[in-house]
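Accompanying notes for the structure given below.
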Amino acid sequence: MDLSIDMLSLGNADAFIVWIKENNSDFIVFIDGGNPNDGAEVIKHYKDYIEPYIPNNTVRIIINTHPHRDHIGGLPEIVEYFKK
């Protein structure tokens, strides 16, 4: 199993993207989304550094650790991105 954890620098907020590769399958886990308006930065990081290297059918999971503004604020933007 290969594992990559990207800890995004969002100032006073938290967001992580975990990329797991196992048995020729990819799994992406978003943990928290930072403050409101940080979702765009999380999506940009994902589009630049992860999305080009994974198949379209990759499993994506979004986890919120707790409902504080600096953890949940950017999640609506991330959810909307994957509705497309």
Side-chain angles (χ1 to χ4, degrees):
M1 174 172 64
D2 293 321
L3 177 73
S4 171
I5 301 172
D6 295 1
M7 300 181 296
L8 282 68
S9 178
L10 301 173
N12 190 23
D14 294 308
F16 303 86
I17 303 174
V18 180
W19 181 1
I20 303 161
K21 292 176 89 55
E22 184 171 21
N23 298 329
N24 297 321
S25 295
D26 292 272
F27 305 89
I28 305 298
V29 182
F30 293 84
I31 303 173
D32 294 335
N35 282 308
N37 301 318
D38 285 339
E41 184 64 29
V42 175
I43 293 165
K44 181 179 179 346
H45 181 89
Y46 171 77
K47 288 170 65 175
D48 290 348
Y49 298 104
I50 299 171
E51 190 173 52
Y53 306 103
I54 59 174
N56 289 338
N57 65 347
T58 297
V59 174
R60 295 165 190 93
I61 300 167
I62 298 173
I63 297 172
N64 175 239
T65 59
H66 61 283
H68 288 162
R69 180 180 174 95
D70 61 331
H71 292 260
I72 201 168
L75 289 180
E77 285 179 84
I78 297 167
V79 170
E80 277 301 313
Y81 177 76
F82 289 111
K83 282 186 171 182
K84 300 176 186 173

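Connection of Ile61 to Tyr53 is not established within any shared hydrophobic cluster, with ILVMFWY side chains joined at heavy-atom distances below 4.5 Å, either directly or through further cluster members. A continuous path of ILVMFWY side-chain contacts below 4.5 Å connects Phe27 to Leu3, so both sit in one hydrophobic cluster. Note on Ile63: it clusters hydrophobically with Val59, by side-chain heavy-atom contacts below 4.5 Å among ILVMFWY residues. Note: the hydrophobic cluster containing Ile5 does not contain Ile28 (ILVMFWY, side chain heavy atoms under 4.5 Å, direct or indirect links).
Here the straight-line distance linking atom CZ of Phe30 with atom CG of Leu8 works out to 9.5 Å at 0.5 Å rounding.
If you check the side chains of Asn64 and Asp32, you find a donor sitting under 3.5 Å from an acceptor.
Across Asn35, Ile31, Asp14, a single residue satisfies side-chain contact (heavy atoms from CB on, under 4.5 Å) together with His71, and that is Asp14. Each of Thr58, Asp26, Asp2 was evaluated against Lys21; a single residue qualifies, Asp26, per the side chain to side chain donor-acceptor pair (under 3.5 Å) test.
Under the 30°/60° scheme for interplanar angles, the aromatic rings of His45 and Tyr49 are found to be tilted. A perpendicular orientation is assigned to the rings of Phe82 and Tyr46, their planes being inclined by more than 60° (bins at 30° and 60°).
Across Leu10 and Gly34, no two heavy atoms sit closer than the pair CD1-CA, 4.0 Å. Nearest approach of Ile17 to Ile50, heavy atoms of both residues: CG2-CD1, 3.4 Å. Contact record, Pro52 with Lys47: CD-O, 3.1 Å, taken as the closest heavy-atom pair. The two atoms that bring Met1 and Ile20 nearest to each other are SD-CG2, 3.6 Å, heavy atoms only. Gly33 and Ile78 make their closest contact through CA-CD1, 4.1 Å (heavy atoms, listed as atom of the first residue, atom of the second, distance).
Side chains of Val29 and Phe16 form no contact here, defined as non-hydrogen atoms less than 4.5 Å apart. Under the 4.5 Å side-chain criterion, counting only non-hydrogen atoms from C-beta, Ile43 is not in contact with Glu51.
A salt bridge links Lys83 with Glu80; the closest basic N to acidic carboxylate O contact falls under 4.0 Å.
Open room surrounds CG on Asn12; 12 or fewer heavy atoms of other groups in view lie less than 6.0 Å from it.
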